[in-house]
Amino acid sequence: MLARIYRPAKTAMQSGRAKTRDWILEFEPATARTNDPLTGWTSSTDMNGQVRLTFDTAEEAVAYAERHGIPFRLHEPQAAPVILKAYADNFAPGRKQPWTH
């Protein structure tokens, strides 16, 4: 019953940083998911797969896991590269590709 502690990345559908500040504690799947032959739905016998706890800081998540005797793996977030651009760069004379509509 190994747990992962991580900070979720921004999804492709988000323009802001909402829901990326909290730390998540999730359990890794203990068993593989199976398909129900009658309905075709995916199911699992692992009830810990439904547990998703949120914390304000990584220290709180680690303290919770240690207090309850849960083995965990801490995944540090990678910083996204900051690319500074200006609208005027679209019309710069030294542009590598010509500007077209």
Side-chain angles (χ1 to χ4, degrees):
M1 180 166 96
L2 183 67
R4 292 185 307 171
I5 299 174
Y6 66 97
R7 229 166 97 184
K10 181 179 81 74
T11 66
M13 299 303 292
Q14 289 177 311
S15 60
R17 298 277 179 209
K19 298 185 180 180
T20 62
R21 292 181 176 88
D22 291 338
W23 287 83
I24 308 290
L25 184 139
E26 282 184 338
F27 293 99
E28 294 196 4
T31 60
R33 293 181 176 264
T34 58
N35 288 335
D36 184 83
L38 182 62
T39 61
W41 293 357
T42 305
S43 64
S44 175
T45 59
D46 183 22
M47 291 294 131
N48 286 331
Q50 299 176 11
V51 177
R52 182 178 176 132
L53 302 173
T54 59
F55 298 93
D56 290 332
T57 63
E59 290 79 20
E60 290 177 9
V62 168
Y64 178 85
E66 288 175 347
R67 189 171 350 130
H68 292 284
I70 301 169
F72 64 91
R73 182 177 303 137
L74 182 66
H75 298 276
E76 292 292 333
Q78 296 179 356
V82 178
I83 301 171
L84 298 176
K85 289 193 224 177
Y87 180 68
D89 292 340
N90 292 329
F91 308 102
R95 195 178 149 98
K96 292 181 181 176
Q97 297 176 351
W99 181 81
T100 60
H101 278 285

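By convention here, the first residue in the shown sequence is residue 1. Values reported hereafter were calculated over all heavy atoms of this structure, with side chains retained and with hydrogens, waters and symmetry mates removed.
Residue Glu76 places its CD atom among more than 12 non-hydrogen atoms of other residues, nucleotides or ligands, all under 6.0 Å distant. The neighbour count for Lys19 NZ, taken as heavy atoms of other residues, nucleotides or ligands under 6.0 Å away, does not exceed 12.
The distance from the CD1 atom of Ile24 to the OG1 atom of Thr54 is 5.5 Å, given to the nearest 0.5 Å. The CG atom of Leu74 sits 11.5 Å away from atom CZ of Arg7, with the distance rounded to the nearest 0.5 Å. With values rounded to the nearest 0.5 angstrom, Arg33 atom CZ is found 10.5 Å from Thr45 atom OG1.
Summarising the geometry of Ala61 relative to Leu25, their closest heavy-atom pair is O-CD1, 4.0 Å, with the distance given to 0.1 Å. Across Asn35 and Gly40, no two heavy atoms sit closer than the pair OD1-O, 4.3 Å.
Counting only residues at least two apart or on different chains, the ring-ring contact (aromatic ring centres under 6.0 Å, His included) pairs with a member in residues 38-67 are Phe55-Tyr64, Tyr64-His68. Residue pairs satisfying the side chain to side chain donor-acceptor pair (under 3.5 Å) criterion with at least one member in residues 22-32, sequence neighbours excluded, are listed as follows: Arg4-Glu26, Tyr6-Glu26, Glu26-Arg52, Glu28-Arg73.
Scanning for side-chain hydrogen bond (donor to acceptor under 3.5 Å, both in side chains) contacts around Glu60 gives an empty result, with sequence neighbours left out.
Considering Leu53, Val51, Leu2, Asp46 as possible partners of Phe27, the one that fulfils the side-chain contact (heavy atoms from CB on, under 4.5 Å) test is Val51.
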